[in-house]
J.: 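One structure is given below, represented as structure tokens, and several questions about it will come after.
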Protein chains: 2
Amino acid sequence: MKLTSFDHFNCSLAQTLSVIGDHWSLLIIRDAFFGLRRFDQFHDSLGISRNVLSMRLKKLVQAGVLEKSDGAGHPEYRLTDKGLALQPILIAMTQWGDTYLPSPDGKRLTFVDRRDGKAIRPVGVHAADGRRLKPREIKARPGPALQNDPQFADSPTGRNLREA
Amino acid sequence: MKLTSFDHFNCSLAQTLSVIGDHWSLLIIRDAFFGLRRFDQFHDSLGISRNVLSMRLKKLVQAGVLEKSDGAGHPEYRLTDKGLALQPILIAMTQWGDTYLPSPDGKRLTFVDRRDGKAIRPVGVHAADGRRLKPREIKARPGPALQNDPQFADSPTGRNLREA
DNA sequence: CGGAATCCGTTCGGATACTG
DNA sequence: CAGTATCCGAACGGATTCCG
């Protein structure tokens, strides 16, 4: 179970997964969005064992997603800007789960605009002019980092991208 | 390493993670978006071992994210609508990686509108009226499935949500 | 070519106890 | 309260082999 050495993939998705690709990290981050700050709060909320939590928090701090401070006389973990920037991912995943793996008891969580309390829109992909795009209307184009990567050029994905 | 029994969490995010929360699933789905269809294509592209790939494909088919067909004389795996709906998540994660874990060689992948070739907008969260919302401008509100869950009401997140 | 089966090392994750 | 240290089982993941 190689510790997610996805680095060689030269893929931003794989890079992201190396930070939040395990079972617990995203749930910890979710709780951080909900205002949890302290070790035992995470521990109680998630039921995660202490050693694993310790490792995850350390990893997330190293990755710059969480920030450890000692302001209130005890350690606190807060989301950095880098961590806050994960919110679209979390919300997109929550909405997908709401839609495709619903609870029989109805909606679990609704995200609302803090200002007026209205529900937000489903997260989606938009063109430069603001049009909402369907999955098939989007194409991936390799950038400089991939064009100069011979390994990528020979890969099936590489070929496929050039045809697309 | 309990097989991701996050079901008891009563959380759409955890539900989603139970489907795509492991190391490989999202990369397989990424390749499916890139047009890969066949067992050995995934195998060659990802360097994943055959048994693990077999398990993952089976799981994704069961989850309704991929569909197995035998149209071309050989098995093929294609994204279902449920799978296609994961695209905002993939793109959001790719963009986050691009921004916060960049390659020294420049951009790896750019997503463009197939129609005019223009780059898409960064995935984000929007209010009902279309305004782009910052992380702090969004609030979560528990729905019926959570309000009727006593375990949730007593949890730190539950308390926190009521205050928010 | 698409898997299923087997074997094995590693790493994860849970529980518990201990320290400051 | 916030970890660290240790033990242990289980599940994962890799490599290889075998079969339709």
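A, B, ... follow the sequence lines: proteins, then strands. Residue 1 opens every chain. In this text the structure is predicted, and so the values were computed from the model without any measurement.
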J.: Please pick, from C:dG3, C:dG13, D:dG13, the nucleotide with the shortest atom-to-atom distance to any side-chain atom of B:Val52.
T.: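 Nearest to the side-chain atoms of B:Val52, counting from C-beta on, is D:dG13.
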
J.: Any side-chain donor paired with an acceptor under 3.5 Å for A:His74 and A:Arg38?
T.: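 Yes, side-chain donor-acceptor contact under 3.5 Å.
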
J.: A:Asp70 CG to D:dG3 P: how many Å, rounded?
T.: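 Result: 9 Å.
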
J.: Heavy atoms from C-beta onward define the side chain here; which of D:dA2, C:dA4, D:dG13 lies closest to that of A:Pro75?
T.: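 Closest of the options to the side chain of A:Pro75: D:dA2.
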
J.: How many Å lie between CE on A:Met55 and P on C:dT11, as a whole number?
T.: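 Those two atoms, CE and P, are 10 Å apart.
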
J.: Can you tell me how far P of C:dC12 sits from CZ of A:Arg56, to the nearest Å?
T.: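 After rounding, the reported distance stands at 7 Å.
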
J.: So, is B:Ser54 near the phosphate of C:dG3, with a side-chain N or O under 4.0 Å from OP1 or OP2?
T.: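 Looking at the OP1 and OP2 atoms of C:dG3, neither is under 4.0 Å from any side-chain N or O of B:Ser54.
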
J.: Counting side-chain heavy atoms from CB outward, which of D:dG3, D:dA2, D:dT4 is closest to A:Lys68?
T.: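 Among the listed nucleotides, the one closest to the side chain of A:Lys68 is D:dG3.
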
J.: With a non-hydrogen cut-off below 4.0 angstrom, is A:Phe42 in contact with a base, only sugar-phosphate, or nothing?
T.: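 The residue A:Phe42 makes no contact with any strand.
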
J.: Whole angstrom is fine here: how far is it from CG in A:Leu46 over to P in C:dA15?
T.: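 Atom-to-atom, A:Leu46 to C:dA15, this comes out as 14 Å.
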
J.: State which residue, out of B:Lys139, B:Arg132, B:Arg131, fulfils the salt bridge (charged side-chain N to carboxylate O under 4.0 Å, His left out) condition with A:Asp113.
T.: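 The single option meeting the salt bridge (charged side-chain N to carboxylate O under 4.0 Å, His left out) with A:Asp113 is B:Arg131.
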
J.: B:Trp24 has a side chain; which of C:dC12, D:dG13, D:dA2 sits nearest to it?
T.: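 For B:Trp24, the side-chain atoms sit closest to D:dG13.
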
J.: Check this for me, if you would: do B:Lys134 and A:Asp81 make a salt bridge, where the nitrogen-to-carboxylate-oxygen distance has to be below 4.0 angstrom?
T.: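 Salt bridge between B:Lys134 and A:Asp81, a charged N being under 4.0 Å from a carboxylate O: no.
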
J.: Looking at D:dG13, C:dG3, D:dT6, which one has an atom nearest to any side-chain atom of A:Asn51?
T.: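 Minimum distance to the A:Asn51 side chain belongs to D:dT6.
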
J.: Looking just at side-chain N and O atoms, do B:Asp22 and B:Ser25 make a donor-acceptor pair shorter than 3.5 Å?
T.: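 A pair is found: one side chain offers a donor N or O, the other an acceptor, under 3.5 Å apart.
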
J.: Which nucleotide in the set D:dA2, D:dG3, D:dG13 lies at the smallest distance from any side-chain heavy atom of A:Asp40?
T.: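 The answer is D:dA2, which lies nearest to the side chain.
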
J.: With no angle test and no hydrogens, is the base of C:dG2 tied to the side chain of B:Arg50 by a donor-acceptor pair under 3.5 Å?
T.: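 Pair found.
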
J.: Below 30° counts as parallel, above 60° as perpendicular, anything between as tilted: where do the rings of B:Trp96 and B:Tyr100 land?
T.: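 Ring orientation of B:Trp96 relative to B:Tyr100: tilted.
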
J.: Find the distance A:Tyr77:OH to D:dC1:C1' and express it as a whole number of Å.
T.: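 Rounded to whole Å, this separation is 12 Å.
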
J.: Verify the neighbour count for atom CZ of A:Arg115: are there more than 12 heavy atoms of other residues, nucleotides or ligands below 6.0 Å?
T.: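 No, because the 6.0 Å sphere around CZ of A:Arg115 holds 12 heavy atoms or fewer from other groups.
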
J.: Whole angstrom is fine here: how far is it from NE2 in B:His43 over to P in C:dA4?
T.: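 After rounding, the reported distance stands at 14 Å.
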
J.: Would you give the length of the straight line joining atom CG of B:Asp70 to atom CD of B:Glu76, rounded to the nearest 0.5 angstrom?
T.: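 Interatomic distance, B:Asp70 CG to B:Glu76 CD, rounded to 0.5 Å: 8.5 Å.
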
J.: Check this one for me: any side-chain N or O of A:Ser49 less than 4.0 Å away from OP1 or OP2 of C:dA15?
T.: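 No, outside the criterion.
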
J.: To the nearest angstrom, how far is A:Lys58 atom NZ from D:dG3 atom C1'?
T.: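 After rounding, the gap between these two atoms is 8 Å.
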
J.: Work out how much the helix from C:dG2-D:dC19 to C:dG20-D:dC1 bends between its end axes, five pairs an end, to the nearest 10 degrees.
T.: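 Here the helix ends are tilted 40° relative to one another.
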
J.: Measure CG/B:Leu53 against P/D:dT16 and give the value in whole Å, please.
T.: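 From B:Leu53 CG to D:dT16 P: 17 Å.
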
J.: Assess the side chains of A:Arg141 and B:Thr110: does a donor N or O sit below 3.5 Å from an acceptor N or O?
T.: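 There is no such pair (donor and acceptor under 3.5 Å, judged by atom type) between the side chains of A:Arg141 and B:Thr110.
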
J.: I want to verify a distance call: between D:dG13, C:dG3, D:dA2, whose nearest atom is closest to the A:Arg38 side chain?
T.: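 From the listed options, D:dA2 comes nearest.
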
